Amino acid sequence: MMGLLIGRYQPFHKGHLEVIRSILKEVDDLIIGIGSAQISHTLDNPFTAGERMTMISSALRDEGLAGRCPFIIPIPDLWNNALWVNHVKSLTPRFEVAYTGNPLAQRLFREGGVEVGVPPLFDRVKFSGTEIRRRMLRGDDWESLVPVQTIAVVKGVRGVERIRDISRSEKITFLEPGDASP
Ligand code: NAP
């Protein structure tokens with residue numbers, strides 16, 4: 001049986017890796033869908049689809065899981081939720097069950113007649129993309145929460161500096177006339 005796991009992977013962390021290991025006990029092979037593929041360089045989505053694909057493919061290869069996750073596919077968002085499941089299907093090989101942590105995506109798959117698997121959560125307080133991006137911004141330890149391959153990609157693109165620059169420019173964007181300089 002082929003499964004599909006959709007996430008944004010901003011960035012790919014050790015919790016995602018454990019989710020993949022766990023789902024691979026339920027399916028023969030797993031497609032990894034990179035959601036919101038068109039978005040990068042924002043505080044919630046700092047990394048490009050290509051950067052996220054590199055994080056995931058190198059980690060899966062080094063963990064010996066690449067053979068069971070043969071497709072890593074960027075999936076741009078669509079400005080029409082009712083069409084999204086067919087959009088996903090048009091970009092991916094055939095799958096029988098879709099796994100996602102996003103409640104809207106779960107609903108859309110169910111309404112589209114696709115079986116939905118809810119991924120298990122691993123220590124969500126620590127292993128959360130939001131928490132990791134927060135730690136990058138504040139200069140706290142984030143490296144211990146991600147695979148070494150994610151560290152290599154983030155360092156290779158100076159990703160922490162990118163997030164800090166985005167943070168400064170997003171603050172400027174939201175400043176009102178008369179506010180103090182950031
Ligand atoms: P999300 O709403 O950002 O994530 C929901 C929660 O699920 C987050 O806490 C996330 O944790 C967690 N999560 C993400 N991937 C996970 C995984 N593999 N295993 C366990 N938990 C996971 O959305 P998302 O689930 O990352 O991605 C869904 C994608 O579908 C998004 O890109 C969304 O834009 C797309 N979508 C698009 C449309 C449309 O275009 N019309 C409609 C529905 C959904 P982390 O932050 O730690 O990853």
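All values reported here derive from a predicted model rather than from experimental measurement. When a ligand or atom number is given, it counts from 1 through the structure's own listing order.
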*Start with the C-alpha distance between E18 and K14, add both sets of side-chain angles, then the distance that settles salt bridge (Lys or Arg N to Asp or Glu O under 4.0 Å), and finish with yes or no.*
CA-CA 6 Å; E18 289 312 310; K14 287 179 177 173; over 6 Å; no
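Ligand 1 lies under 4.0 Å from heavy atoms of L5, I6, G7, R8, Y9, H13, H16, V19, G35, S36, D77, L78, N81, W84, T100, G101, N102, L104, A105, L108, P119, R124, S128, G129.
Atom CZ of R107 has 12 or fewer neighbouring heavy atoms from other residues, nucleotides or ligands inside a 6.0 Å radius.
Closest non-hydrogen pair, G33 versus I75, comes out as CA-CD1, 4.0 Å.
To the nearest 0.5 angstrom, E51 atom CD is 8.5 Å from Q10 atom CD.
We find that R168 and D165 are joined by a salt bridge, their nearest charged nitrogen and carboxylate oxygen being less than 4.0 Å apart.
In this view, S22 and P120, F122 satisfy the side-chain contact (heavy atoms from CB on, under 4.5 Å) rule, not counting sequence neighbours.
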